[in-house]
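Naming: A, B, ... by sequence-line order, numbering from 1 per chain.
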Protein chains: 2
Amino acid sequence: MENSTGKKERIKSIDKALGLLEFLSVNEQETGITEISKNLHLGLSTVHRILFTLKSRGYVIQNLNTKKYRLGIKLFTLGCAVQSTKRLVEITKPYLKQLSQSTNETANLAILEGKEVIYLDTIGSPEILRTEIMAGTRTPAHCAALGKALLAFISDGEFKSLYKKDEPLSSLTSKSISSLEELKKHLKKVKEQGYAVDREEYKIGINCISVPIFGRNGEAIAAISITGPASRFTIDEMGKVKDKLMTISKEISNQF
Amino acid sequence: MENSTGKKERIKSIDKALGLLEFLSVNEQETGITEISKNLHLGLSTVHRILFTLKSRGYVIQNLNTKKYRLGIKLFTLGCAVQSTKRLVEITKPYLKQLSQSTNETANLAILEGKEVIYLDTIGSPEILRTEIMAGTRTPAHCAALGKALLAFISDGEFKSLYKKDEPLSSLTSKSISSLEELKKHLKKVKEQGYAVDREEYKIGINCISVPIFGRNGEAIAAISITGPASRFTIDEMGKVKDKLMTISKEISNQF
DNA sequence: AAAGGAGTTTCCGTAATATGGAAAATAGCA
DNA sequence: TGCTATTTTCCATATTACGGAAACTCCTTT
């Protein structure tokens, strides 16, 4: 009965193990076998054996007191080795540092994955009131300057395959873009001006301005941004850093 | 024939998949199926099926031109979610930033895993001549100030299980500690003074000073350090930052 | 253009493997 | 001490992953 649908076969035990890792990554706390078993609909012994395998290689760690499991450092090491992000972070870091220093705000680097933006690196503002984002964070692309800067430069075909007709857009704040039409219009403008602005669309009280970074072939491979509290990082302030951001973006793009 | 030795059984396909990921992480470049198959002694179709499974979940990416594979962003995301490192980085980052700014050198955070030190976070010096280390890097513990700061505070039992009698120590430079006796003596001193110094033991031209961070139970859970070019970051300079480092270490330790 | 070659992908029968249920062990709590 | 909730181990069985070889793709060479 294998291959009954057109789909190619994946190795089930690997699939389960990866699902388990992902479950642990979402579940912030240590998790026991029973709980995992219930959530993933796998037998107790199956979960146990998978965890044993993962544990013996350092992908999960077992708290010997509670017997529960959490992600292990091996994953951190592997994550740091991902070549594509490594190169991006390496090249971009000095520029982010410079931006953060000259603006006193937080500077970020992110890429687009599907309809989500993934933060690869951030240099936090030295101010006490600051916007903190952790590397690795994912957010809906249409609610963030970074996401809009990236979405604006993907092909029409790609865009259509991501956002199906009349699909409702999740709103993170009352100011988030909520309809596909609105998004399209907005992205057109972003493409024209070369940068994207987010005025409390991601979170009330936070503004952000972002420009994409282009690869050899003209594709937008990542984006950098500056975020700050709306009270301090006003539209005016964003206007002031706009040119600097665009200059830096070109400098970075030249290295790809 | 299962379980013939006392060892518990791991799930082989998962084991293979993890081995494959690790192979890709060491192999900096994109790698083809044949090469992987040869190195890991697995059949071509096996490698292909494993990669297909990993690919469909974003753990590896296939370059459609060359057909070759590399690690995918999913691993980066997972790596960022590892709870233990996340917390450490979060709490330590502002202190590292402060240290780097006040010294103009690079500040690092690392943990001990086995006989290796893993860098969790680094804030680079603004100087042009600077020591750059990437997060995720692993180095032999006995050759780095960070490692020595951590080794000095593990229990005798742990130390003995790590460094078997008469085991030769790898030397990264001519100044590296090369005998177990020497290391023991050195660590005793580190424990007394509460900080570790590395004078070109890790790399010629680089000096480093490090102090451990202690958890609730008094265990050394991580270490922070400042590194710089030996020409600029001299013994004198290290002496000057010593106290600041130790104060900060206490402040951080109080949060665990 | 056509043939050759190196690599990837698919197919298939078979042997090995992972599976889940249940028992055993362990820990936590009343 | 006994009871409950979990984790861990064991086992027979059916499912699953396996590797060899064929098919296919994409370059390179002549």
Side-chain angles (χ1 to χ4, degrees), chain A residues 1-24 27 29-72 217, chain B residues 1-24 27-72:
Chain A
M1 72 173 220
E2 64 269 346
N3 228 348
S4 55
T5 69
K7 307 239 169 191
K8 275 184 274 181
E9 289 286 330
R10 299 188 285 187
I11 294 174
K12 308 209 172 164
S13 50
I14 295 178
D15 227 28
K16 285 171 195 159
L18 300 180
L20 205 159
L21 287 176
E22 287 162 29
F23 177 76
L24 284 180
N27 231 17
Q29 2 219 350
E30 291 185 341
T31 315
I33 286 186
T34 324
E35 193 179 340
I36 297 172
S37 159
K38 276 175 196 156
N39 277 280
L40 302 183
H41 307 289
L42 297 170
L44 275 175
S45 46
T46 304
V47 173
H48 181 259
R49 245 171 306 115
I50 293 174
L51 281 168
F52 178 78
T53 310
L54 292 171
K55 184 173 75 172
S56 70
R57 276 177 169 272
Y59 288 75
V60 301
I61 293 172
Q62 185 174 29
N63 180 328
L64 292 176
N65 294 323
T66 62
K67 298 277 176 185
K68 297 189 170 183
Y69 296 85
R70 60 179 200 274
L71 296 182
N217 53 8
Chain B
M1 72 174 216
E2 64 270 346
N3 230 350
S4 55
T5 67
K7 308 239 170 193
K8 275 185 274 181
E9 288 285 331
R10 298 189 286 186
I11 295 174
K12 309 211 172 162
S13 49
I14 295 178
D15 228 28
K16 285 172 197 160
L18 301 180
L20 205 159
L21 287 176
E22 287 162 30
F23 177 76
L24 285 180
N27 230 17
E28 296 274 307
Q29 0 219 351
E30 292 185 341
T31 315
I33 285 185
T34 323
E35 194 179 342
I36 298 172
S37 158
K38 276 176 196 155
N39 276 280
L40 302 182
H41 307 288
L42 297 170
L44 275 176
S45 45
T46 304
V47 173
H48 181 258
R49 244 170 305 116
I50 293 174
L51 282 169
F52 178 78
T53 309
L54 292 171
K55 184 173 75 170
S56 70
R57 277 178 167 272
Y59 288 76
V60 300
I61 293 173
Q62 184 173 30
N63 180 329
L64 293 175
N65 293 322
T66 62
K67 298 276 174 185
K68 296 189 171 182
Y69 296 83
R70 61 178 200 275
L71 297 182

What residues, two or more places apart in sequence or in another chain, satisfy side-chain hydrogen bond (donor to acceptor under 3.5 Å, both in side chains) together with A:Ser45?
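Scan of A:Ser45 (side-chain hydrogen bond (donor to acceptor under 3.5 Å, both in side chains), adjacent residues dropped) gives none.
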With A:Thr53, which residues qualify under side-chain hydrogen bond (donor to acceptor under 3.5 Å, both in side chains), at least two apart?
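With sequence neighbours excluded, A:Thr53 shows a side-chain hydrogen bond (donor to acceptor under 3.5 Å, both in side chains) to no residue whatsoever.
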With a 3.5 Å distance limit and no angle check, can you tell me whether [X] reaches the backbone of [Y] through a side-chain donor-acceptor pair?
| X | Y | result |
| --- | --- | --- |
| B:Asn63 | B:Asn65 | yes |
| B:Ser13 | B:Ile11 | no |
| A:Thr66 | A:Leu64 | no |

In residues 15-24 of chain A, what donor-acceptor pairs under 3.5 Å come from side-chain atoms, sequence neighbours left out?
unit_1  : atom_1 : unit_2  : atom_2 : d
A:Asp15 : OD1    : B:Arg57 : NE     : 2.9
A:Asp15 : OD2    : A:Arg10 : NH2    : 3.4
A:Glu22 : OE1    : B:Arg57 : NH1    : 3.0
A:Glu22 : OE2    : B:Arg57 : NH1    : 3.1
A:Glu22 : OE2    : B:Tyr59 : OH     : 2.6

Heavy atoms under 4.0 Å, any strand shown: does B:Lys16 hit a base, just sugar-phosphate, or nothing?
sugar-phosphate
NA contact type, A:Glu35, heavy-atom cut-off 4.0 Å: base, sugar-phosphate, or nothing?
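It contacts nothing in the nucleic acid.
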Tabulate atom names and distances for all N/O pairs under 3.5 angstrom spanning the protein and nucleotides 24-30 of chain C.
none

Residue pairs involving residues 29-47 of chain B (criterion salt bridge (charged side-chain N to carboxylate O under 4.0 Å, His left out); sequence neighbours excluded):
B:Glu30-B:Arg70
With the threshold set at under 4.0 Å for non-hydrogen atoms, list the residues of residues 37-45 of chain A touching DNA chain C in residue-number order.
A:Gly43, A:Ser45
Please report how far the helix from C:dA1-D:dT30 to C:dA30-D:dT1 bends, comparing the axis fitted to its first five pairs with the axis fitted to its last five, to the nearest 10 degrees.
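Taking the rotation axis at each end, their angle is 50°.
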